[in-house]
Amino acid sequence: MSTVLDVKGISRNFGGLKAVDDVAFILNNGDVAALIGPNGAGKTTCFNLLSGALSVNAGTVLFGGHDITRWQPHQRARAGIGRTFQIAATFRSMTAIENVEAALMAAGMNTDTAEKLLEDVGMSAMTAAPVTTLAYGDVKRVELAMALASEPALLLLDEPTAGMAAEERHRIMQRISDLVRARGITVLFTEHDMDAVFGYASRILAMDQGRLIADDTPDAVRNDARVQRVYLGAPEDGDA
């Protein structure tokens with residue numbers, strides 16, 4: 001199994017605050033990994049370091065064996081790193097299909113595939129709808145289609161089910177799971193919905209106060225005493 005992302009001791013400080021503190025992990029081809037932790041744990045900062053939105057104070061990021069630590073976001077995107085955001089990043093003055101066409105043009109791809117990308121994320125009936133008229137869950141689907149436009153090898157999803165009802169969260173996570181498996185995409189996602197995390201992640205990484213405190217299978221992380229203490233809560237009597 002080939003290594004897609006190799007994160008070696010990355011750190012980022014904001015003044016005296018260590019938002020990310022010596023974090024290291026590896027993602028292999030086909031991994032679907034979740035990054036969890038309480039608010040302020042450093043998850044979004046970590047995502048920003050991986051996507052190039054922020055620079056590291058220390059450490060190294062290797063993508064496909066190449067040192068991308070000092071690369072800008074557009075360089076990482078062109079190399080094969082896709083990204084969605086906690087608050088969906090779409091062009092509000094455009095329709096759904098125009099957003100995806102813009103993403104395809106930015107990636108140097110043929111815009112003829114825009115409709116297929118929207119179909120893949122469950123938006124085939126709303127391609128001509130202005131983004132401003134869409135429910136927030138549908139806006140997140142448009143953003144996902146935009147992220148897929150560059151045919152990424154690695155997809156960073158920041159709270160992909162934010163603002164969705166429980167049933168819709170399950171549908172979008174199942175669709176994401178099917179898409180990345182079919183396309184051979186490696187995924188790292190953040191999510192506060194533990195049903196989504198434990199239902200769809202093959203690996204879970206847990207952070208607290210800027211540090212990585214667990215990196216293991218869902219069952220192992222669920223039963224990790226430190227993760228329970230800082231985030232999941234202690235199991236009920238009789239729980240494994």
Side-chain angles (χ1 to χ4, degrees), residues 27 29-37 39 43-44 47 51 81-92 94-104 107 113-206 217-219 221-222 231-232:
L27 293 181
N29 184 45
D31 278 347
V32 177
L35 183 63
I36 67 171
N39 290 333
K43 303 184 299 297
T44 295
F47 259 46
S51 67
I81 298 179
R83 166 86 192 267
T84 68
F85 294 84
Q86 185 175 354
I87 299 173
T90 57
F91 300 105
R92 291 177 56 80
M94 296 182 179
T95 64
I97 197 166
E98 287 170 345
N99 269 271
V100 180
E101 288 171 343
L104 286 164
T113 62
E115 285 193 19
K116 179 61 167 61
L117 284 167
L118 285 169
E119 179 184 344
D120 286 346
V121 299
M123 289 290 292
S124 58
M126 291 174 278
T127 59
V131 168
T132 51
T133 67
L134 297 175
Y136 188 66
D138 291 332
V139 176
K140 297 284 281 187
R141 290 174 188 268
V142 173
E143 186 192 35
L144 176 59
M146 293 169 69
L148 292 169
S150 61
E151 300 182 350
L154 172 65
L155 194 54
L156 305 174
L157 303 176
D158 198 350
E159 297 196 25
T161 71
M164 299 183 187
E167 186 175 343
E168 189 177 12
R169 288 198 296 268
H170 170 73
R171 284 199 302 268
I172 191 62
M173 287 304 300
Q174 186 61 58
R175 190 173 289 272
I176 289 170
S177 180
D178 293 342
L179 283 170
V180 300
R181 188 181 301 112
R183 299 181 182 206
I185 301 172
T186 300
V187 175
L188 180 65
F189 70 96
T190 66
E191 185 58 63
H192 286 291
D193 179 5
M194 290 300 98
D195 287 339
V197 168
F198 287 100
Y200 294 95
S202 57
R203 275 177 58 203
I204 298 177
L205 294 79
T217 64
D219 283 345
V221 171
R222 189 196 302 271
Y231 189 54
L232 298 180

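Basis for what follows: all heavy atoms, side chains included, without hydrogens, waters or symmetry-related copies.
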Legend entry - side chain to side chain contact (heavy atoms under 4.5 Å, CB included) assessment of Glu115 paired with Ile97: CA-CA 7 Å; Glu115 285 193 19; Ile97 197 166; 3.4 Å; yes
Legend entry - Nearest-0.5 Å distance that lies between atom OH in Tyr231 and atom CE in Met194: 3.5 Å
Legend entry - Side-chain heavy atoms of Arg141 within contact of Arg171, under 4.5 Å: yes
Legend entry - Taking every non-hydrogen atom, the tightest pair across Arg175 and Glu119: NH1-O, 3.7 Å
Legend entry - Side-chain donor/acceptor of Tyr200 to backbone N/O of Val32, under 3.5 Å: no
Inset, instruction - List for me each residue that meets side chain to side chain donor-acceptor pair (under 3.5 Å) alongside Thr90, sequence neighbours excluded, and say none if there are none. - result: none
Could you give the side-chain donor-acceptor pairs of residues 120-131 under 3.5 Å, partners two or more places apart or in another chain?
residue: Asp120; atom: OD1; partner: Lys116; partner atom: NZ; Å: 2.6
residue: Asp120; atom: OD2; partner: Lys116; partner atom: NZ; Å: 3.3
residue: Asp120; atom: OD2; partner: Arg183; partner atom: NH2; Å: 2.5

Inset, instruction - Answer whether the closest heavy-atom distance between the side chains of Thr84 and Glu159 falls below 4.5 Å. - result: no
Legend entry - Euclidean distance, Thr132 OG1 relative to Met94 CE, rounded to 0.5 Å: 12.5 Å
Inset, instruction - Tell me yes or no: between the side chains of Glu168 and Thr161, is some donor less than 3.5 Å from an acceptor? - result: no
Let me have the donor-acceptor pairs involving side chains of residues 142-157, under 3.5 Å, with sequence neighbours excluded, atom names and distances please.
residue: Glu143; atom: OE2; partner: Phe85; partner atom: N; Å: 2.9
residue: Glu143; atom: OE2; partner: Ala89; partner atom: N; Å: 3.0

Inset, instruction - Would you check if the side chain of Lys43 reaches a backbone N or O of Leu35 as a donor-acceptor pair within less than 3.5 Å? - result: no
Inset, instruction - Might you work through the side chain to side chain contact (heavy atoms under 4.5 Å, CB included) test for Ile176 and Phe189, ending with a clear yes or no? - result: CA-CA 11 Å; Ile176 289 170; Phe189 70 96; over 6 Å; no
Legend entry - Reported CG-to-CD1 distance for the pair Asp31 and Ile185, which is rounded to 0.5 angstrom: 13.5 Å
Legend entry - Test item: Asp193 side-chain N/O and Asp195 main-chain N/O as donor-acceptor pair under 3.5 Å: yes
Inset, instruction - Go through the steps to decide whether Arg181 and Ser177 satisfy the test side chain to side chain contact (heavy atoms under 4.5 Å, CB included), and finish with yes or no. - result: CA-CA 6 Å; Arg181 188 181 301 112; Ser177 180; 3.0 Å; yes
Inset, instruction - Using a 4.5 Å cut-off on heavy atoms from C-beta on, say whether the side chain of Thr217 contacts that of Ile204. - result: no
Legend entry - Contact summary for Val139 and Ala88, nearest pair of heavy atoms: CG1-CB, 3.7 Å
Legend entry - OG1 on Thr113 to CG on Leu117, rounded to 0.5 Å: 4.5 Å
Inset, instruction - Return the minimal non-hydrogen interatomic distance between Ala201 and Ala34, and the atom names on each side. - result: CB-CB, 3.8 Å
Inset, instruction - Could you verify whether a donor N or O on one side chain and an acceptor N or O on the other, from Arg83 and Ser51, lie under 3.5 Å apart? - result: yes
Legend entry - Euclidean distance, Ile36 CD1 relative to Thr190 OG1, rounded to 0.5 Å: 11.0 Å
Inset, instruction - Look at the side chain of Asn99 and the backbone N and O of Phe91, then say whether any donor-acceptor pair between them is shorter than 3.5 Å. - result: yes
